[in-house]
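Written out below as structure tokens is the structure these notes cover.
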Amino acid sequence: MATLDDLLERCRESSYVPLGGEPTLALDRRESVDEAVLGLARYFGEDAGRRAVLVTVEGEFAGYLERQQLYSFFAATEKGIGVSDHFGVLGDPGVTLFTLRCPRGDFELLTARLGSTPPRTCPSHPNLELEVVR
Amino acid sequence: MHDYWAAVSAYAHLERFLEEVEASLGPDVTPDELIRLDAAAAAVLVADSEEKRREVIVGGIADWGLRFTEYLALLARTAPELYSPLAAAAHELVATWFGGHVATERADEAEARARYFLEALDRAPAVARIAAKAVLALPPGHRLRDEERIRAALDDLLRYALDKVATTRDDEVLAEATDHALSAITGLVQHELAPPDRVTTLLDAGRQLLKSRHLRDNGDSFRLAAVAHLGHAASAARDRNEPELADRLDSEAADLLAPLADAEIDPIRRQLLSALLGYAEGDRDRTATAAAALASIPREGRTEEAVSLLGSTVMAKHAGEDRQVVDALAPILPTLEHRYLSAVLEEDVAMAGAAVRDAVLNLAFAYAHRGKAGNAVATLDRAKSLRFRYQSLLRASPLGDFLRELEADIHAVKYGLPPPYGDPRRQKSVEELLETYRQARAKIGDEDVPRPGVAEIADVLGDDEAAVVLGVGKAETILAVIRRGDGPEPMHGEILAEDVRRELYAELLDLSTGWWTWLGFRSAWIEPRRALVRLLHTVDRLVGKRLAEVLAGSNVRRVTVVPHELLHVVPWWALPSLSSFEVMTAPSAAQLVTARRTPRVLEATALVVGNPTGDLPLAAVEAAEVAASLRSLGCAVDVVQGAAATQETLARAMEGRSILHFSGHGRSDVSAPMRSALEIQAAVDAETHDGPDILLGLAASAEWQKVHRFDGAKWIDSEPERQADVAGHGHLEERIRHADRRVELRLDHGAEGTLLGQYALEGFMDQDETVYGRRYRLSELWSAGDMLIESCFRECGLAFVSSCEAGAGGLAYVDEFSGLPAALQLAGVSTVVSPLWPVGVEMAAVFADLFYGELVRAGEAVDVLALVHETRHRLRTMGREEVAAILDRLHATADDPLARFLLEAAARRALESDDVEPFCHPYDWAAFQATGAPELAVAFAKARAGPAAARAPTAFELPPDAEPRSDEARTPFGQRDAFALGAAAEILAETSTDPALGQIAADGLYKRGLAHSRAGHDQLAVADFSRAVEIDPEHLDARVELAQASLGRGDAAAAVASCDEILARAPDHLTALLMRALAQEGVGRAAAAEADLDALLAHDSEGPLAVPAYQARARLREARDASEAAVADLDQAIRLQPETPTLYLLRASAQLSVGRFDAAVTDTNRALFFTPDDAAGHALRGLALRDGGRLEEAVRELERAVELEEDVMQHHYALADALDRLNEHERALASYSRALEIEATPTLYSDRGLTRAGLGDYDGALEDYGAALQLDPAHLVARYNRACASSLKRERGTIVDDLRTVFAGDPSLRENALEDPDLEWARRYLSDVQDLLVMRGPDGDAG
């Protein structure tokens, strides 16, 4: 079980120099970060070239999280009772990150869950709601 | 037509016969029933053997209950010439059957007996004890096991009998009542139906009854029940390190046994008792002599006697008589084995299994001591996995399928589900099915169960093989080595030093570091890697090195170890001394022989299961790699993954397959091995994943019941579990796992279906209702039990179970191979490769990759053990880069992005590992093992398709570990050392903030507090209880102990405060209510105390606290002059506990208060029956007699009280008073004087003054009154009497002042003084007195 503090600690440790264009992972302080961690693992696993994401909490900048910093959330697991708890539910964990994009196409954001709050608006175009692209 | 019909035809008055039938059997017997009953009775008549007759009678009772025996009796009256002898024989048989003797092997015999007695109980309350034995023999939860009814019946009988004992003078009635009272007490003690405090009074009462001259026998049953109780208590006292108490209890037991040893009883029983007595008294010679006498008694194969004999040989073993042990046990072992194998009920299996185990151990070690190693090896093997081997035999028999189907039906019916194979129109009960099952098994018999000797074992071994047989006794360890060519004796046999067994078990069971403790309980404070290393160091030092010495210089390559009991959890292949051998284990030598005799040919068909619960992405990658390897061999492979992997799909896909590879979750249950399981996809509606949780829904509405588990000797409540039958759904069980704050819900929903949900444990609400948190996983369990009743594994030669701890078998009462590997082999699999403990997913994937890589290269003849051996050592010696390379390769083949990232992370971890060889720790490399046949033939192999990989070096060293600790430093698990537990708890409390661990720590401190308390260290105890409450404020037991401690030291206010805390959390906490009432009473708050007792009794007026509550309330009620209410309370207390003399005395006292002198006398009679030398009882009887006017009897009773307790003032005082009333003033004077010597009180002086005045000694009287008034100037009686004495002496003295003071204090005495003849002189001659007598008002003024 990961905690937000663990994740933020990794961000603080990071000496990553942004290349620009890193996607933003938007986190909500109230929710568990398990799904975000799993989603990030899947996100990085999809493309070996993905190096890092920018993390925000409640819209505030928290730092960069590098690919290898996520390794420590996946220490060796056993095939025993309860050792894969972070997968939450039966079946394909299916946890992935949603990508939200400004309709103008110049802003993208990753988030672990959409929650019940209204869709976020684009920081560049506050009158435009972000759309789920996948 | 048989004789019976002839007899009935000859019966002239058929109508009268039918009338008698109706009178005997009741009016509701139908003609049809009568005909069937008749036929059953007729079968008794025509039975052609004693055994057959026994079966028919028991069958008749099973079907007809009480009616059957009554009908037999009626027939005997009707046609005595034909039936009398038969009825007498039947009566004798039934009588022994009633006594608990097993007449047949019927599975429903116990149920039939219980039903019979429950029926009989209504008509004949005196059968209560036999009924108790019959009914309580049924397992908890059985619908006929009505414990409350039995307890009530025994209490009723006891009350009735004691009442008779106290009130009748008829010798015949007295004798009968004494028997019944003793019988009821025996039942209550024997079946643990009374709380511990009450057992003490019951035993006292029983001992008193034993002294009665009316007792018809020697009280054997009571004596034996009491001895059993005292024996357990003594054993528990020794465990608690209270040797003095243990010795006292042993001594009490010996006193009770002594008369039996010389009694005219059955010779076997007599000798057994003598042996027991010798044992209890530490008299080895007597034990040995009795054991020898037992061995010489003809046995005729009767099981009960055999078991008795077994007990005696245990004693003989203590006396070191090995030859006697052999002579006694060898002939009866087959009987014991048969009993074990024919049993089908859990408790029967456990008891009979324990008997086999004990017999085999004693016999094997007796052989070994006599130098017969071959016999020792063969004997040891007889108990190893005996039922498993029998089960294999049954499976292979023509009835195998029928038995498998019956097992499925029994399982389903047990959980209220339709039987999958049985006739749905006439659904049978579990007992009926079990009986059918037992009968079917009996047809196969157990004679053909393999029981190989050394020569047969040697015969299946290769030239380069050795079999190593281990046997662990109570103190010693047998080590035997068998090689090909051995005859009846093994190549090597020895008994290892006693230290070996002790050290091995101490290491395994250590509470802080024990490997077994960790495997069994997953204790949070045990670090498994360290525990394993410690174990390996110890085993290697004690056994491994010795074994290597024995095998040194031989050409042995493969070693098969046949371990024993706890030694099954040792990875023998990880012992450095055995590193040059390929080591595997076999559950028994017999299985070693069988596995080698039936070589299996693998066909080119395989089923590969990957990640069936969907939460282990790497398991899916592993499965894909395995499938690719097998396909490269030309094998047809079905891969079933994720949501498709339901039990039905898998069972169907497995049909006809030769290879199974399973990569997923597994679980091992060491306490219930058949529940060990592989976790697969649950076949529930997909909607339930996100919708309402089916298990939580069922749990919310379930009517929960306790779960009972058989601990090998008795049924115990399993606290962390509960269960419920849910109509239409199946059987639901909940198990709380405090250690990791989890709760599991398990639904048995069909003969082969079990749904498991795992949730976070949020806590508990009122009434201990569980609060479930989020669900971790929902899965179906493919359990060992399911596998046993499925047929899909018949063609399977190799099963590779890459799953957590799948290879750990169970550790039941007997050394039985069980758990998943056993189930798979029983289901037909030849060789199972599986881990013995939890394995990491990456390691398992790498191991599987290496193993199958070797398999592909192995050619047609595959030495599976050699492959596993080689793979283990390759894993151990792989460098970081090599491990990372394999993980990278797997990464490249994985489709799932999540799996790819996990493999990437794992590869990075390997590269950054502190160890040059990332899997060099035995916890990593040594987990996998091979069981079953070591070699397989691969018909489809591409012979020598590729070169074998380079061999890894096999020599290794263990990681270093601390030096072995001394025995004193150990914390043995088995001895439940409370002090060590407390120390561990303290560490836990200091180091952990986890609330779950906090609870464990608090409990540890609480238990240590109890131990301190028992040892008399009250301050330490209170400190531990306080700390426990501090850590876990909800630990109510600790709060109770704190309240108790406060009460004990007289701090009632603190006790009230502690109880307030408890009752704020649990308003119905009865112990707290009682203690608070006692504390309130202590601080004078009688009303509050009574209110607490009212609340307690309103909640539970029958439970174990009801008696002290009634007693306390009676005391309070009497104090406020509500004596009638006090009597009513004591009536209730006596109803619940009629054998307690104190209660009768209290009631006698209350009866006296309300003037019921005769009733008081009767109550003291009852009390004095139990405690004839109780001075208080005699004194109270004396007072009752005195107040009832029976003065001479009163004086005798009070004199007896004085005789028994000479230094009690009250006895002398009461005697003096009674003597005064009898006008025996001189004697009274002496008694008053003695009373005053003991304790001077104003009233005593005053009363003696009165007696002296009566004797004319006015000066003496005036002296006494003066002394009284010196002690208490307000003593009006003394002052009044002083005035009288002065008047009688005709002296003015203090008369006027005395009378003035008296009238001021009590104006009513003025009227008395007007008429009192003793004051006549004063009235006549003293004008002041005349004035006082005519005046009004408290100060003498005229009114």
Side-chain angles (χ1 to χ4, degrees), chain A residues 1-3 5-6 10 25 30-53 65-97 99 110 112-114 134, chain B residues 522 611 613-619 642-643 663-668 679 681-682 684 686 688-690 737 740 742 744 757-758 760 774-779 802-806 835 837-844 891 894 896-909 912 924:
Chain A
M1 297 261 294
T3 68
D5 286 344
D6 293 337
R10 303 292 190 288
L25 172 67
R30 292 165 300 177
E31 288 164 355
S32 156
V33 295
D34 283 348
E35 291 174 39
V37 167
L38 265 183
L40 268 183
R42 185 177 286 274
Y43 173 80
F44 286 131
E46 282 169 357
D47 183 348
R50 291 172 177 169
R51 307 302 315 152
V53 292
L65 184 73
E66 291 176 84
R67 183 183 188 99
Q68 63 269 25
Q69 285 180 306
L70 201 65
Y71 295 158
S72 59
F73 286 101
F74 297 92
T77 53
E78 292 173 342
K79 294 177 173 180
I81 302 162
V83 290
S84 58
D85 291 346
H86 48 278
F87 288 96
V89 291
L90 175 75
D92 186 319
V95 177
T96 187
L97 297 179
T99 303
L110 297 172
R113 63 168 66 185
L114 293 172
R134 58 168 192 161
Chain B
R522 298 296 151 86
N611 190 21
T613 49
D615 58 350
L616 291 173
L618 294 195
S663 180
H665 286 294
R667 47 199 289 117
S668 186
E679 287 189 50
Q681 187 80 196
V684 290
T688 60
H689 295 161
D690 297 318
R737 288 164 33 191
D740 55 0
R742 276 158 202 276
E744 292 179 358
Q758 299 176 50
R774 77 184 180 96
R775 188 172 78 198
Y776 292 129
R777 192 158 67 239
L778 182 73
S779 52
S802 174
S803 139
C804 173
E805 57 178 317
W837 56 83
V839 288
V841 280
E842 297 99 0
M843 190 280 284
H891 173 271
D896 177 5
L898 184 58
R900 280 207 299 274
F901 183 81
L902 295 176
L903 284 163
E904 181 185 320
R908 175 63 67 97
R909 260 200 315 279
E912 293 176 354
D924 293 317

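Sequence lines set the chain letters: A, B, ... in the order given, protein chains first and strands last, and positions in each chain run from 1.
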* **B/L902 CG to A/Y71 OH distance, which is reported to the nearest 0.5 Å** => 11.0 Å

* **Check: B/P897 main-chain N/O paired with A/R42 side-chain donor or acceptor under 3.5 Å** => no

* To do: With a 4.5 Å cut-off on heavy-atom pairs, point out which of B/M843, B/R908, B/H891 contacts chain A the most.
  => B/R908

